[in-house]
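Report on the following structure.
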Amino acid sequence: MRNKTDQQDYLIDFQFIDNPKPINDVRLYQVGKKFCNQNTYIPPHLHIDWYELTVILGGKGKIYTNSQTDYVEVSEGDIYLSFPADIHAIESDNSSPLKYSFLSFILDGKSFKSKFKKITQEFYESEKRIFRNPNVSLLLEIFLSEFLTPAYKQDAMLLHTLNQILIFTCRNFLHQSEKTLPVNVSKNELLCYSIMRYIDANIFLIKSFSDISDYFNYNYSYLSKVFKQTTKTTILDYLSTKKLERAKILIDEKKLSFTKIAEILNYASVYSFSKSFKYHFGISPTEYKKLNDKT
């Protein structure tokens, strides 16, 4: 990943970050459009509890998710769905700069929440999150235009347009849902796969192992036994590894203190976070940050 500065040629950005805008049982976090130049790089930023659609209008680039090496290449017509708990970055191509629209939203009610949870579980890998649907692209343009030029029945138009965007998005993923899991696998393997996807997608929300057992409606000791027998590692080790991988990315982002990182990853204290980090990586968070600052 190259070091670039965010030098946008053109940006429309309606933000509701401090007070997300309610539209029925969805809360709008952000909507806008960005035309990049050859130097544009959107550095890693954390999605705590919101989804985001990135609709590529032109050009080429890369979308990074949760790693500096995990990226997908995108071009005109591609749509990428980012999940809650993602750490997300965008890099524009030098010769063909990106143009894209974006829509960030939080799901509160029953209308879409269960469907998007299913999508999060089954399409967690970044390469599975790209789809193409000209209806979504067109509807997002209409949705954004309502903010640019308010008109008669604006609230009704926002509601109906947003609902259609979310419906088309769900359809694109759910119609191929049965194809996303490996075939000819055992019940225990599928359960472990689901546990890993649940941890990946809820890394900032899991406060105790009961959260996992409650979600799957199994006794934790049973889940732990099945997971160990099937994957040869423990749920604790998998959860700890994923938390610390996110911690490294957050340190690289240089926006949050160690105390805040420990808090959002649900460590008991910054001391326990530092101890776990050093045990896993061999150096303390402070030492890692110093090394990272030199590169």
Side-chain angles (χ1 to χ4, degrees), residues 1 17-18 29 43-51 64-70 82-89 106 117 120-121 124-126 191-295:
M1 187 184 298
I17 294 171
D18 295 329
Y29 190 82
H45 52 282
L46 172 63
H47 294 192
I48 295 179
D49 58 354
W50 64 89
Y51 293 87
Y64 295 82
T65 303
N66 298 325
S67 168
Q68 293 187 355
T69 57
D70 184 7
S82 299
F83 299 151
D86 277 350
I87 297 174
H88 175 70
I106 300 168
K117 277 191 174 181
T120 303
Q121 285 283 104
Y124 185 80
E125 291 83 0
S126 58
L191 176 59
C192 292
Y193 177 88
S194 296
I195 292 171
M196 288 187 285
R197 295 290 74 82
Y198 175 79
I199 290 172
D200 293 342
N202 295 276
I203 198 72
F204 299 111
L205 301 177
I206 298 172
K207 296 182 178 180
S208 69
F209 293 124
S210 63
D211 293 332
I212 301 173
S213 58
D214 289 347
Y215 181 84
F216 290 98
N217 200 26
Y218 281 111
N219 181 279
Y220 179 73
S221 62
Y222 169 76
L223 289 180
S224 180
K225 180 180 178 181
V226 169
F227 196 90
K228 175 66 174 178
Q229 290 177 342
T230 306
T231 69
K232 311 307 178 187
T233 190
T234 66
I235 294 177
L236 172 61
D237 285 342
Y238 186 85
L239 176 61
S240 297
T241 298
K242 290 297 177 178
K243 286 169 69 171
L244 291 168
E245 287 174 357
R246 295 295 175 88
K248 281 185 75 172
I249 298 173
L250 290 172
I251 294 171
D252 292 341
E253 192 180 5
K254 301 177 182 178
K255 290 184 178 179
L256 301 177
S257 66
F258 295 148
T259 300
K260 187 62 179 178
I261 292 173
E263 178 186 333
I264 66 174
L265 285 168
N266 295 299
Y267 283 93
S269 65
V270 68
Y271 171 76
S272 62
F273 162 63
S274 297
K275 183 178 179 181
S276 182
F277 191 98
K278 186 167 185 177
Y279 177 81
H280 188 83
F281 294 115
I283 58 174
S284 70
T286 302
E287 291 168 330
Y288 174 77
K289 184 176 184 299
K290 287 179 179 178
L291 287 173
N292 191 48
D293 288 341
K294 292 178 181 178
T295 59

Problem - Electrostatic pair R246-E253, nearest N-O below 4.0 angstrom - result: no
Problem - Lys/Arg-Asp/Glu bridge criterion (N-O < 4.0 Å) met for E245, K242 - result: yes
Exercise for the section: Report the C-alpha distance between Y238 and D200 in whole Å, list the side-chain angles of each, state the deciding distance to 0.1 Å, and finish with yes or no for side chain to side chain donor-acceptor pair (under 3.5 Å). Expected result: CA-CA 10 Å; Y238 186 85; D200 293 342; 2.9 Å; yes
Exercise for the section: Check step by step if side chain to side chain donor-acceptor pair (under 3.5 Å) holds for D86 and Y64. Expected result: CA-CA 10 Å; D86 277 350; Y64 295 82; over 6 Å; no
Nearest atoms (heavy-atom pairs only) where [X] meets [Y]:
| X | Y | result |
| --- | --- | --- |
| A85 | A201 | CB-O, 3.7 Å |
| N266 | I203 | ND2-O, 4.4 Å |
| P43 | A89 | C-CB, 4.0 Å |
| Q121 | S194 | NE2-O, 3.2 Å |

Beyond-backbone contact of [X] with [Y], side-chain heavy atoms, under 4.5 angstrom:
| X | Y | answer |
| --- | --- | --- |
| R197 | E125 | yes |
| S213 | N219 | no |
| L191 | Y222 | yes |

Distance check, rounded to the nearest 0.5 Å: [X] atom [atom1] versus [Y] atom [atom2]?
| X | Y | atom1 | atom2 | result |
| --- | --- | --- | --- | --- |
| K228 | T230 | NZ | OG1 | 11.5 Å |
| L265 | K207 | CG | NZ | 12.5 Å |
| S126 | F83 | OG | CZ | 10.0 Å |
| I48 | I106 | CD1 | CD1 | 9.5 Å |
| F204 | K243 | CZ | NZ | 10.5 Å |
| I195 | L223 | CD1 | CG | 4.5 Å |

Exercise for the section: Decide yes or no on side chain to side chain contact (heavy atoms under 4.5 Å, CB included) for F227 and C192, but give the supporting numbers first. Expected result: CA-CA 6 Å; F227 196 90; C192 292; 3.9 Å; yes
Return yes if a side-chain donor-acceptor contact under 3.5 Å exists between [X] and [Y], otherwise no.
| X | Y | result |
| --- | --- | --- |
| T65 | D70 | no |
| T234 | D237 | yes |
| T233 | T231 | no |

Exercise for the section: List the steps and the verdict of side chain to side chain contact (heavy atoms under 4.5 Å, CB included) for Y288 and K248. Expected result: CA-CA 8 Å; Y288 174 77; K248 281 185 75 172; 3.5 Å; yes
Handout entry: Residues that K260 engages under side chain to side chain contact (heavy atoms under 4.5 Å, CB included), provided they are two or more places apart
Key = L256, S257, E263, I264
Exercise for the section: Ignoring hydrogens and angles, tell me if any N or O in the side chain of D211 forms a donor-acceptor pair with the backbone of S208 under 3.5 Å. Expected result: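 Flag set: sc D211 to bb S208 pair under 3.5 Å.
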Handout entry: Flag, side chain of K232 to backbone of Q229, donor-acceptor distance under 3.5 Å
Key =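 Here the side-chain-to-backbone pair exists.
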Practice task
Could you check whether the rings of F277 and F273 sit parallel, tilted or perpendicular, using 30° and 60° as the cut-offs?
Solution key: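 The arrangement is perpendicular - the two ring planes meet at more than 60°.
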Practice task
Using the six-membered ring wherever Trp is involved, compare the ring planes of H88 and H45 and label them parallel, tilted or perpendicular (cut-offs 30° and 60°).
Solution key: perpendicular
Practice task
Check whether more than 12 heavy atoms from other residues, nucleotides or ligands sit under 6.0 Å from atom CZ of F216, and answer yes or no.
Solution key: yes
Handout entry: Working for side chain to side chain contact (heavy atoms under 4.5 Å, CB included), residues L244 and S276
Key = CA-CA 8 Å; L244 291 168; S276 182; 3.6 Å; yes
Exercise for the section: Check step by step if side chain to side chain donor-acceptor pair (under 3.5 Å) holds for T120 and Y51. Expected result: CA-CA 10 Å; T120 303; Y51 293 87; 3.2 Å; yes
Problem - Derivation and outcome, side chain to side chain contact (heavy atoms under 4.5 Å, CB included), residues Y220 and I235 - result: CA-CA 10 Å; Y220 179 73; I235 294 177; 3.7 Å; yes
Handout entry: Step-by-step side chain to side chain donor-acceptor pair (under 3.5 Å) determination, S284 to T286
Key = CA-CA 5 Å; S284 70; T286 302; 4.6 Å; no
